[in-house]
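What follows is a short report on a single structure.
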Amino acid sequence: MPAPSRVLLLTRRGCHLCVEAEAAVRRTAADLGVTWRAVDVDTDERLRARFTDHVPVTFVDGAQFAIWFLDPGALRAALA
């Protein structure tokens, strides 16, 4: 079984902040060789109910790390 992703990014289609956060996660994860995944909150009823319009949400190692805006430098530091 593969190891769980270190970064989880909750997104939604049509969300410009989600696009920006995904680009930052993609670059940082690639630079550091870290696994990550994105989940659209609208594909899961519980996620949609919990996070509604509070996306993107970034989790690092299972803990909520950022909401709405993601600082790539802070993400890099958290993953180091």
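All of these numbers come straight from a predicted model, not from anything done at the bench.
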Would you give the length of the straight line joining atom [atom1] of [X] to atom [atom2] of [Y], rounded to the nearest 0.5 angstrom?
| X | Y | atom1 | atom2 | answer |
| --- | --- | --- | --- | --- |
| His16 | Cys18 | NE2 | SG | 9.0 Å |
| Thr52 | Leu47 | OG1 | CG | 11.5 Å |
| Arg48 | Leu10 | CZ | CG | 13.0 Å |
| Thr11 | Leu17 | OG1 | CG | 12.0 Å |

Query raised in the report: Which residues satisfy the side chain to side chain contact (heavy atoms under 4.5 Å, CB included) test with Val19, sequence neighbours excluded?
Result: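 If we apply the side chain to side chain contact (heavy atoms under 4.5 Å, CB included) test to Val19, skipping adjacent residues, there are no hits.
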Query raised in the report: Does Thr43 have any side chain to side chain contact (heavy atoms under 4.5 Å, CB included) partners at least two apart in sequence or in another chain, and if so, which?
Result: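 Only Val39, Asp40 meet the side chain to side chain contact (heavy atoms under 4.5 Å, CB included) criterion with Thr43.
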Query raised in the report: Looking only at atom types and distance, does a side-chain atom of Arg12 sit under 3.5 Å from a main-chain N or O of Val41, one as donor and one as acceptor?
Result: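 A pair under 3.5 Å: no.
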Query raised in the report: Does the side-chain contact (heavy atoms from CB on, under 4.5 Å) test come out yes or no for Thr58 and Val7, once each step is laid out?
Result: CA-CA 7 Å; Thr58 308; Val7 179; 3.9 Å; yes
Query - Val57-Leu8 co-clustered via ILVMFWY side chain contacts under 4.5 Å - result: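 Same cluster.
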Query raised in the report: Do Val60 and Val25 sit in the same hydrophobic cluster, where Ile, Leu, Val, Met, Phe, Trp and Tyr count as joined when their side-chain heavy atoms come under 4.5 Å apart?
Result: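 In one cluster: yes.
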Query raised in the report: Does anything in residues 59-70 pair up under side-chain hydrogen bond (donor to acceptor under 3.5 Å, both in side chains), and if so which pairs, sequence neighbours excluded?
Result: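 Listed once each, the pairs are Arg6-Asp61.
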Requested in this report: Applying salt bridge (Lys or Arg N to Asp or Glu O under 4.0 Å), name anything that partners Arg46, two or more places apart in sequence or on another chain.
Outcome: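 Once residues adjacent in sequence are excluded, the partners of Arg46 under the salt bridge (Lys or Arg N to Asp or Glu O under 4.0 Å) criterion are Asp44.
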Query - salt bridge (Lys or Arg N to Asp or Glu O under 4.0 Å) against Arg26, all qualifying residues, sequence neighbours excluded - result: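 Here the qualifying residues are Glu22.
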Requested in this report: Starting from the C-alpha separation in whole Å, work towards a yes-or-no answer on side-chain contact (heavy atoms from CB on, under 4.5 Å) for Leu70 and Phe65.
Outcome: CA-CA 9 Å; Leu70 177 62; Phe65 179 75; 3.8 Å; yes
In a table with atom names and distances, give each donor-acceptor pair under 3.5 Å that connects a side chain of residues 73-80 to protein atoms at least two apart or in another chain.
unit_1	atom_1	unit_2	atom_2	d
Arg76	NH2	Asp31	OD2	2.8

